[in-house]
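Single-structure report; data block below.
Residue numbers start at 1 and run along the sequence shown. Every value quoted in this text rests on a predicted model; they were computed, and no experiment measured them.
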Amino acid sequence: MKTIFTFLLFIALTLGVRAQIAIDFETASTAYWEVFGNGSGSPSDFGKIANPSKTGINTSDSVLKFVVNADAETWAGAWTDFYSPILFTSNSHTVKMMVYKSVVSNCALKIEGDGVSAIEVKVPNTVTNQWELLTFDFSAAVGLNYKRFVIFPDFPDTRTGGSVNYFDNIVTVGTTSVNEFAEASIRVYPNPADEILNIEHQGMTSLTISNLLGKTIKTYTFQPSNSKSVEVSDLLTGAYIISVKTAKGTFASKFMKR
C-alpha cells in the first residue's frame with residue numbers, strides 16, 4: 001500500500017497536480033468537523049449558518065460560524081480529516097480563506113499527517129465585522145502528504161476575551177492561475193449526489209469534473225449560463241472536484257459521489 005501511494009504521489013508531483021481543498025459550506029456538513037479547546041462552550045458555538053453579511057467579496061449564502069469563548073484556550077479550533085489526502089505541489093501550495101471577525105487577531109491554519117511534521121501558518125485579519133480574504137503560504141509542505149486540516153479562528157498570544165468568527169471559501173490556489181472564489185462561490189447540490197449534480201454560478205461557460213489526483217473525468221462547454229445539471233451516476237463512489245470557467249476566472253468546489 002505504501003509503495004502504491006508513493007507512486008501516486010510521484011505522479012501527482014511530476015504532473016504538477018493542484019492541491020485539492022475547496023470548502024464553501026453551501027452544502028458541506030459541519031458533522032465533518034471536531035471542535036477542541038473552546039472552554040465552557042455549547043454546540044451552538046459552531047455550525048453552518050446563513051451569511052451574516054452578504055456584501056463585499058462574499059455574497060455566498062452559507063458560512064461557518066465559530067464563537068470562541070472567553071475561557072477558551074488560545075489554541076481553540078476545529079479539525080477535519082474529510083478533505084484528505086492533502087497534497088501540496090510546487091505550483092499549488094497557497095490557501096486562501098475569507099474571514100469575518102469581531103476582533104483583530106491571528107487566524108491559523110494547520111496541516112497534520114502521519115510521519116511528517118505538522119505545519120502551522122498564522123495570518124492576522126486587519127479589519128473587523130467585514131469580510132476579508134487571507135492568504136496562507138504552505139510552501140514548506142510541498143511534496144508531503146497530510147490528512148488533517150485544522151482551523152484556529154482567534155489565536156492570540158494571551159486570551160483576554162471571546163470572539164465571534166465566520167469563515168468561508170477556503171481553497172487552494174496555484175501560483176500560475178487564479179482560483180480564489182473572488183465572487184459568489186459555486187453552489188453544488190445535492191451533495192453527496194447519486195445521479196444528477198446541479199451546479200449554479202454566474203456566467204459559466206464550461207465545467208470540468210476531476211478526481212483528487214487532478215485527472216479530468218468529464219468536461220462540458222456551453223453558452224454562458226448560471227446553472228447546469230450533469231449526470232454523475234457513472235462515477236465511482238468518492239470525492240471529486242468540479243471547476244467552472246467564467247469571464248472572471250476559474251472557480252472550484254468539492255462534491256461527493258455516493
Side-chain angles (χ1 to χ4, degrees), residues 18-30 32-35 46-49 51-68 75-84 86-88 92-112 118-141 146 148-156 163-175 177-188 241 243 249-254:
R18 299 165 64 85
Q20 302 290 359
I21 300 175
I23 312 172
D24 65 9
F25 303 110
E26 294 307 299
T27 54
S29 170
T30 54
Y32 300 128
W33 295 80
E34 293 288 339
V35 176
F46 184 90
K48 186 178 75 171
I49 66 164
N51 187 344
S53 180
K54 295 177 67 173
T55 58
I57 62 172
N58 190 11
T59 58
S60 61
D61 293 329
S62 300
V63 302
L64 182 69
K65 178 187 75 171
F66 197 145
V67 177
V68 175
W75 38 264
W79 61 266
T80 180
D81 290 342
F82 180 69
Y83 300 95
S84 65
I86 303 170
L87 305 173
F88 289 98
S92 184
H93 52 258
T94 300
V95 178
K96 291 184 179 285
M97 178 173 67
M98 293 181 184
V99 302
Y100 182 110
K101 298 176 55 175
S102 64
V103 298
V104 172
S105 65
N106 278 322
C107 290
L109 298 181
K110 184 178 182 180
I111 49 176
E112 300 174 351
I119 297 177
E120 179 182 289
V121 181
K122 293 182 179 179
V123 177
N125 59 306
T126 61
V127 296
T128 60
N129 300 320
Q130 68 183 74
W131 286 106
E132 181 177 6
L133 185 66
L134 303 184
T135 300
F136 300 80
D137 182 1
F138 280 96
S139 55
Y146 294 87
R148 180 160 294 174
F149 189 73
V150 191
I151 295 177
F152 304 86
D154 173 18
F155 203 160
S163 61
V164 180
N165 310 273
Y166 305 97
F167 298 89
D168 202 8
N169 299 332
I170 307 169
V171 63
T172 47
V173 299
T175 57
S177 62
V178 177
N179 184 22
E180 62 182 49
F181 290 94
E183 56 177 340
S185 56
I186 302 171
R187 185 181 181 208
V188 179
I241 300 296
S243 59
T250 302
F251 304 85
S253 185
K254 186 173 182 178

Checklist line | For Asp81, all residues meeting salt bridge (Lys or Arg N to Asp or Glu O under 4.0 Å), sequence neighbours excluded | finding: Arg148
Check: Do the non-hydrogen side-chain atoms of Phe149 and Trp33 ever get within less than 4.5 Å of each other?
Finding: yes
Margin query: If the condition is side-chain contact (heavy atoms from CB on, under 4.5 Å), which residues does Val123 pass it with, not counting sequence neighbours?
Written below: Val121, Leu134, Phe136
Next item on the list: Sort and list the pairs that fulfil salt bridge (charged side-chain N to carboxylate O under 4.0 Å, His left out) and have at least one residue in residues 100-111, not counting sequence neighbours.
Entry: Lys110-Glu112
Next item on the list: Would you check if the side chain of Asn51 reaches a backbone N or O of Ser60 as a donor-acceptor pair within less than 3.5 Å?
Entry: yes
Next item on the list: Of all the heavy-atom pairs spanning Ser105 and Pro153, show the shortest one and how long it is.
Entry: OG-O, 4.5 Å
Next item on the list: Under the side-chain contact (heavy atoms from CB on, under 4.5 Å) rule, collect the residues that match up with Ser163, sequence neighbours excluded.
Entry: Val68, Ser102, Val103, Asp154, Asn165
Notebook entry, point to check: Just by distance, with hydrogens left out, do Lys54 and Thr59 show a side-chain donor and acceptor under 3.5 Å apart?
Noted result: no
Notebook entry, point to check: Could you state the interatomic distance from NZ (Lys48) to CG (Leu64), rounded to the nearest 0.5 Å?
Noted result: 10.0 Å
Check: Taking only residues two or more places apart in sequence, or in another chain, which ones meet Asp137 in a side chain to side chain donor-acceptor pair (under 3.5 Å)?
Finding: Ser139
Item checked: Euclidean distance, Asn169 CG relative to Trp131 CH2, rounded to 0.5 Å -> 7.5 Å
Check: Are any of the side-chain heavy atoms of Phe88 and Thr94 separated by less than 4.5 Å?
Finding: no
Note to self: Quick check: closest heavy atoms across Pro52 and Val63, and the distance to 0.1 Å?
What the structure shows: CD-CG2, 3.8 Å
Note to self: Please report the interatomic distance CG(Asp168) to CG(Asn58), rounded to the nearest 0.5 Å.
What the structure shows: 4.5 Å
Check: When rounded to the nearest 0.5 angstrom, what distance separates CG in Asp61 from CZ in Arg187?
Finding: 7.0 Å
Next item on the list: Using the test ring pair (Phe, Tyr, Trp, His ring centres under 6.0 Å), find all partners of Phe167 that sit at least two apart in sequence or belong to another chain.
Entry: none
Check: Which heavy-atom pair separates Phe25 from Ser62 by the least distance, and what is that distance?
Finding: O-CB, 3.2 Å
Next item on the list: Quick one: list whatever passes side-chain contact (heavy atoms from CB on, under 4.5 Å) with Thr55, sequence neighbours left out.
Entry: Ser53
Next item on the list: With sequence neighbours excluded, tell me which residues meet side-chain contact (heavy atoms from CB on, under 4.5 Å) with Lys122.
Entry: Asn106, Ala108, Glu120, Phe155
Next item on the list: Apply ring pair (Phe, Tyr, Trp, His ring centres under 6.0 Å) to Tyr166 and list each qualifying residue two or more places apart in sequence or on a separate chain.
Entry: Tyr100
Checklist line | Where Phe138 and Leu109 come nearest, the two heavy atoms and their spacing | finding: CZ-O, 3.6 Å
Next item on the list: Please examine the side chains of Thr126 and Val104, heavy atoms only from C-beta on, and report whether any two atoms are closer than 4.5 Å.
Entry: no
